[in-house]
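Just below is one structure, and these are the notes that go with it.
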Amino acid sequence: MPLSTYTHAAGDAVRNIGDFASDLVAPTIRLGVTGLARSGKTVFITALVHNLIAGGRLPFFDAAAEGRLLRAYLEPQPDEIVPRFEYEKHLADLTGDPPTWPDSTRRTSQLRLTLEYASAKFWKRQIGRERLHIDIVDYPGEWLLDLPLLQLDYATWSREAVTQSRAADRKTIAKDWLKALSEIDANAPADEARAATLSDTFKSYLRAARTDQYALSTLPPRRFLMPGDLEGSPALTFAPLDAKEETSFARGSLWSLMERRYEAYKSYVVRPFFRDHFARLDRQIVLIDVLAALNGGPAAVSDLERAMTEILECYRTGSNSLWSSLFAPRIDRIVLAATKADHLHHESHDRLEAILSLLTDKAIEKARYRGADVKVLALAAVRATREGQAKRNGETLPCIVGYPLAGEKIGTRTFDGNEPFAIFPGDLPTDPRKALEGWKTEDGDMRFVRFRPPDPKELPSGGFAPFPNIRLDRAIQTLIGDRLA
Ligand SMILES: Nc1nc2c(ncn2[C@@H]2O[C@H](COP(=O)(O)OP(=O)(O)O)[C@@H](O)[C@H]2O)c(=O)[nH]1
Ligand SMILES: [Mg+2]
């Protein structure tokens with residue numbers, strides 16, 4: 001048996017027996033990092049690992065603050081067939097000259113970080129060091145939205161999908177799809193080319209329905225828009241059909257081909273993801289780009305709210321939950337984090353947290369009730385701005401200073417990525433309900449230009465220490481702090 005498999009299995013066994021670390025087998029914690037596309041997963045993982053390995057300043061992470069975190073290093077991950085999270089490459093991007101944000105990724109990946117620490121109990125007596133493996137699993141939040149499919153058969157899913165595409169607000173974007181659908185006889189003999197064309201038309205409609213990254217919530221299957229390594233495989237080449245009055249379909253009909261593929265999608269794509277990845281997680285952080293949604297207006301906010309409710313539904317672990325009969329999830333701590341808080345002045349960070357709390361209120365109540373601890377935070381894994389003061393109309397106002405990315409616009413000005421600019425982000429409303437109803441300041445949309453990552457050469461540390469961040473340490477403390485106590 002390869003050593004990594006051995007340590008993994010042994011780690012699990014140890015956890016079951018009790019917290020019992022020895023030099024031979026270290027316990028393992030599986031930490032899930034998820035969120036919708038562009039929410040900041042890659043940047044978060046890179047910053048977290050960099051801070052722990054390079055000894056970043058993490059005052060609210062007890063083990064680090066108390067000097068008990070002795071060493072952190074990467075080790076080969078236990079799951080041989082999951083791609084490795086490309087930490088070195090992402091870090092090289094962020095610390096390059098000029099620094100750039102890492103490429104976007106659309107699949108799951110994994111990284112094992114090992115911590116050596118002294119437990120608080122023994123620290124004063126200076127005895128022993130213990131180890132903890134942290135297996136960090138990065139996966140698209142969109143995939144969680146497929147969970148309800150496991151309970152739907154093809155006929156039911158088809159009916160719902162077709163009804164949805166006929167809804168008033170979808171009619172225009174669904175025009176081509178509805179036309180193609182009306183020309184199809186579900187009982188006609190199966191034809192590969194026709195199945196493929198129909199599936200493509202359906203996917204084009206889904207893509208169009210996604211006005212931007214947030215309008216996702218009612219459009220499964222999610223892999224259609226985020227296929228990862230499965231692009232083009234039969235399990236992803238299906239579409240709903242209109243059964244009309246029909247209730248039975250011939251073997252060899254288009255309907256039965258589509259039905260088979262839909263079932264294959266559930267069995268070979270959705271179910272294994274939940275069973276092999278999701279159900280094995282111990283702790284979870286869900287990253288949420290609340291500011292982008294606020295910037296997109298009330299429709300974007302309510303889409304985000306709906307998507308978050310569906311995502312959080314997956315973490316309900318009680319006996320009545322949607323899927324406790326299918327798997328036995330064991331996540332007992334969840335952090336919901338509003339990312340990119342460095343776009344705001346620090347006075348607004350608590351307000352951002354309040355907005356996220358409100359947005360996820362009902363879903364959190366359910367999760368709490370079911371036994372998981374949930375904490376809401378605003379954070380910036382990599383702080384791309386610094387705070388300053390600037391004069392405007394004779395008044396001194398708090399502002400943030402950063403380098404807007406090349407091509408970003410403020411008013412009539414287009415940036416080239418090399419000039420710093422002071423921005424008045426405006427305060428978030430004190431009443432979070434106001435923010436959800438739509439929030440505009442006198443500066444209109446200029447609050448959320450995207451910034452370049454900070455230039456290591458300009459940091460006080462000269463680039464040798466990890467990037468500055470906002471509340472990253474609190475996230476780490478909540479996610480793993482108790483395991484280092
Ligand atoms: N200012 C700022 N921007 C961030 C931060 N984290 C992510 N971003 C921005 O969000 C984009 C998407 O982040 P990424 O980690 O690739 O998202 P993912 O798709 O969830 O992995 C990045 O390219 C950055 O522009 C942060 O902490 N601060
Ligand atoms: Mg990513």
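Quick note: numbers below take in every heavy atom, side chains included, and nothing from hydrogens, waters or symmetry partners. Each ligand, and each atom within it, is numbered from 1 in the order the structure gives. Keep in mind that this is a model prediction, so the values were computed, not measured.
- Scanning all protein heavy atoms for the shortest distance to atom 19 (O) of ligand 1 gives R38 N, 2.9 Å.
- When only non-hydrogen protein atoms are considered, atom 14 (P) of ligand 1 lies nearest to G40 CA, 3.7 Å.
- Considering backbone and side-chain N/O atoms, A381 comes within less than 3.5 Å of an N/O atom of ligand 1.
- Which parts of ligand 1 touch T42 is read off a 4.0 Å heavy-atom cut-off, strictly below it: atoms 15 (O), 16 (O), 21 (O).
- Checking side-chain atoms of D416 against main-chain N and O of N418 turns up a donor-acceptor pair under 3.5 Å.
- Rounded to the nearest 0.5 Å, atoms NZ (K266) and CG (L150) are 6.5 Å apart.
- No side-chain donor-acceptor contact under 3.5 Å links R283 to the backbone of D332.
- Here W157 and Y265 keep their ring centres 6.0 angstrom or further from each other.
- Note: F278 and F274 have perpendicular aromatic rings, judged against thresholds of 30 and 60 degrees for the angle between ring planes.
- When only non-hydrogen protein atoms are considered, atom 15 (O) of ligand 1 lies nearest to V43 N, 2.8 Å.
- Each of the atoms 1 (N), 2 (C), 28 (N) of ligand 1 lies under 4.0 Å from some heavy atom of D342.
- Not close to ligand 1: S104, with no non-hydrogen atom less than 4.0 angstrom away.
- Ranking protein heavy atoms by distance to atom 24 (C) of ligand 1, first place goes to W101 CD2, 3.4 Å.
- Of all protein heavy atoms, the one lying nearest to atom 26 (C) of ligand 1 is V382 O, 3.3 Å.
- Close approach of ligand 1 to R450 is summarised as follows: ligand atoms under 4.0 Å from at least one heavy atom of the residue are 25 (O).
- Ligand 1 lies less than 4.0 angstrom from a heavy atom belonging to H343.
- The protein heavy atom nearest to atom 18 (P) of ligand 1 is K41 N, 3.5 Å.
- Checked by atom type, the side-chain pair D455/Y403 shows no donor-acceptor distance below 3.5 Å.
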(message) Run the ring pair (Phe, Tyr, Trp, His ring centres under 6.0 Å) test on F451 and H343 for me, step by step, so that the C-alpha distance in whole Å, both residues' side-chain angles and the decisive distance to 0.1 Å come before the verdict.
(response) CA-CA 9 Å; F451 296 105; H343 286 82; 5.3 Å; yes
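- Taking every heavy atom of A380 and a limit of under 4.0 angstrom, the matching atoms of ligand 1 come to 27 (O).
- Summary of contacts: the protein heavy atom closest to atom 10 (O) of ligand 1 is K340 NZ, 2.9 Å.
- Taking the ring centroids of H90 and F85, they lie under the 6.0 Å cut-off.
- Between the side chain of Q284 and the main chain of G32, a donor-acceptor pair closer than 3.5 Å is present.
- Of the possible donor and acceptor atoms, one in the side chain of E408 sits under 3.5 Å from a partner among the backbone N and O of R450.
- Residue T42: an N/O/S atom is found under 2.8 Å from the Mg ion (ligand 2).
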